[in-house]
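Since the structure comes first, as structure tokens, the remarks are kept for the end.
None of the values given here were measured: they were computed from a predicted structure.
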Amino acid sequence: MSGPAAGTAAAATTTDVVCLGESMVTFLPSRPGRLADVPSFERGIGGAESNVACALAAAGHRAAWVGRVGADGFGDHLVETIASYGVDTSAVRRDPARPTGVYFRTATDRGTDTHEVAYYRAGSAASAMSPENVPYEALFAGRVLHLSGITAALSPDCLALLRELTAPRPGRPLVSFDVNHRPHLWRGGDADASVLLELARRADLVFVGEDEAEEAWGIVGAEAIRAALPEPAVVVVKRGSAGATVFSGLRPGPRSSNAGGAGNAADTVTPVPALRVDVVAAVGAGDAFAAGFLSATLRGLPVRDRARHGHLMAAAVLTVPGDLTDPPSRDRADRLVALDDAAWGRLRLAPGWTAADRAPEEVRTP
């Protein structure tokens with residue numbers, strides 16, 4: 001059975017969140033320096049959507065990752081590692097003709113001029129995902145389907161797939177879309193900007209950074225971003241160290257083929273300050289924020305608390321070298337989220353703060 005209509009009819013909601021996208025084997029440097037000078041690397045995994053799935057599973061949700069990897073050792077490593085977090089990988093497809101993507105990066109923050117990333121993903125198994133070869137039954141089996149703009153950049157077939165998955169139709173799960181603008185993945189021109197805007201406007205919940213909105217669309221400021229995205233019920237504008245601003249209109253939910261946009265005339269605007277964090281590596285924080293926000297959304301928490309859970313998940317990743325780490329326990333996260341504004345503003349989180357044996361009062365405060 002193939003095609004979205006057939007998959008929707010057969011789907012049963014047994015999963016909280018299904019994440020679709022490319023995951024790659026990542027090689028992390030043994031020490032700082034240029035890629036040309038680093039003598040050795042440690043193997044890990046990286047992928048925006050699989051990062052979200054792993055974080056959600058670690059937080060106690062039923063998460064699935066759908067992707068395509070090569071029939072090779074790196075593909076084995078990806079599937080086994082992601083599954084070790086408790087993620088359902090049963091719908092991952094193996095491609096005997098194409099390899100699993102890999103990449104190398106330097107130890108420096110990706111926002112600095114010295115940061116280097118070398119991708120080896122052209123012609124990867126994931127780039128062959130298309131409307132004809134994905135398991136729609138699995139994709140529509142969750143309460144939420146999480147996608148990102150990275151997938152759209154991988155190939156024309158991948159873009160066609162995202163257009164299929166974001167198309168309005170009866171029975172569609174809540175579609176979460178992280179813009180994730182990656183200019184180096186696109187092949188020139190302004191097509192990436194228009195495509196990402198198109199896909200974001202078809203989603204129910206959108207995550208977008210102020211910086212990437214300005215880079216991709218020339219739009220400055222949270223209010224202007226919301227004006228450019230009137231249809232999604234919820235738009236989360238990430239503002240770096242300044243926090244996040246959440247625009248919430250109508251209650252998020254599936255869109256039918258005849259449903260109009262939620263609009264923003266009746267928006268509630270909720271600014272939520274970020275935490276102060278002793279950053280080890282600024283990699284994977286956006287994915288962790290999305291996972292925290294989605295986790296709290298699944299639990300039906302208020303908008304402010306959703307954003308605060310996002311900040312806490314991001315802080316957990318920011319205080320470790322890699323893309324993934326164990327989040328704080330749910331009870332502990334709930335206690336921190338419930339702090340009043342003054343106490344929230346005094347928090348400062350250092351490496352090791354998520355440790356189970358560390359009491360809340362041991363969290364660093366100035």
Side-chain angles (χ1 to χ4, degrees), residues 13 15-21 48-49 51-53 55-56 59 61 63-64 139-152 162-163 165-169 171-181 196-210 212-213 222 225-239 243-256 259-264 266-272 285-311 313-314:
T13 304
T15 304
D16 291 325
V17 180
V18 177
C19 303
L20 171 125
E49 301 84 3
N51 285 348
V52 172
L56 283 165
H61 295 282
L139 288 171
F140 290 120
R143 295 167 60 189
V144 176
L145 174 60
H146 181 71
L147 309 168
S148 95
I150 295 173
T151 305
L162 283 205
R163 283 179 165 143
L165 295 176
T166 57
R169 64 173 52 86
R172 190 182 89 170
L174 186 150
V175 172
S176 166
F177 182 74
D178 193 334
V179 170
N180 261 330
H181 182 225
L196 292 174
L197 189 62
E198 169 201 343
L199 294 172
R201 292 183 66 174
R202 291 154 66 115
D204 302 299
L205 164 60
V206 174
F207 299 97
V208 59
E210 271 192 325
E212 61 186 348
I225 293 170
R226 176 48 159 165
L229 298 170
E231 293 88 355
V234 178
V235 173
V236 182
V237 180
K238 298 176 291 183
R239 306 178 60 226
T245 300
V246 184
F247 297 86
S248 49
L250 298 180
R251 182 173 182 270
R255 293 205 190 160
S256 65
N264 58 9
D267 263 345
T268 297
V269 182
T270 309
V272 184
D287 305 329
F289 180 94
F293 194 96
L294 286 171
S295 172
T297 298
L298 288 163
R299 297 170 61 199
L301 300 184
V303 168
R304 186 208 68 167
D305 293 2
R306 298 178 194 185
R308 282 191 172 187
H309 274 284
H311 287 318
M313 281 270 207

Inter-residue atom distance [X].[atom1] - [Y].[atom2], 0.5 Å rounding:
| X | Y | atom1 | atom2 | result |
| --- | --- | --- | --- | --- |
| D204 | T297 | CG | OG1 | 11.5 Å |
| R226 | D267 | CZ | CG | 4.0 Å |
| S295 | L301 | OG | CG | 7.5 Å |
| L165 | R172 | CG | CZ | 9.5 Å |
| M313 | N51 | CE | CG | 12.0 Å |

Evaluation steps, side-chain contact (heavy atoms from CB on, under 4.5 Å), between H61 and V17: CA-CA 8 Å; H61 295 282; V17 180; 5.9 Å; no
Any heavy-atom pair between the side chains of [Y] and [X] that's under 4.5 Å?
| X | Y | value |
| --- | --- | --- |
| L174 | R143 | no |
| H146 | D178 | yes |
| F247 | V206 | no |
| D287 | N180 | yes |
| T245 | R239 | yes |
| L147 | V175 | yes |
| F289 | H311 | yes |

query: Run the side-chain contact (heavy atoms from CB on, under 4.5 Å) check on I225 and E210 step by step: do they pass?
result: CA-CA 8 Å; I225 293 170; E210 271 192 325; 4.2 Å; yes
task: Using side chain to side chain contact (heavy atoms under 4.5 Å, CB included) as the criterion, list what pairs up with A63, not counting sequence neighbours.
output: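 Per chain and number, A63 pairs via side chain to side chain contact (heavy atoms under 4.5 Å, CB included) with A53, L56, A57.
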Taking all atoms of both residues into account, what is the closest heavy-atom pair of [X] and [Y], and its distance?
| X | Y | answer |
| --- | --- | --- |
| K238 | G286 | NZ-CA, 4.2 Å |
| R202 | R163 | NH2-O, 2.6 Å |
| A314 | A285 | CB-O, 3.6 Å |
| S248 | V303 | OG-CG2, 3.9 Å |
| A307 | V272 | CB-CG2, 3.6 Å |
| A291 | A55 | CB-CB, 3.6 Å |

message: If you apply the rule side-chain contact (heavy atoms from CB on, under 4.5 Å), what do you find for V179 with L197, and how did you get there?
response: CA-CA 8 Å; V179 170; L197 189 62; over 6 Å; no
query: Is the H309 to F293 ring centre distance short of 6.0 Å?
result: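 They do not qualify: ring centres at least 6.0 Å apart.
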- request: State whether D305 and R299 are salt-bridged, where the test is any N-O pair (Lys NZ or Arg NE/NH1/NH2 against Asp/Glu carboxylate O) under 4.0 Å.
  value: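 Answer for the salt bridge query: no.
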message: Could you walk me through whether L145 and T166 satisfy the side-chain contact (heavy atoms from CB on, under 4.5 Å) test, starting with their C-alpha distance in whole Å, then the side-chain angles of each, then the deciding distance to 0.1 Å, before giving a yes or no?
response: CA-CA 9 Å; L145 174 60; T166 57; over 6 Å; no
message: Using the side chain to side chain contact (heavy atoms under 4.5 Å, CB included) definition, which of the options V246, L294, V144 pairs with L205?
response: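 Output: one option passes, namely L294.
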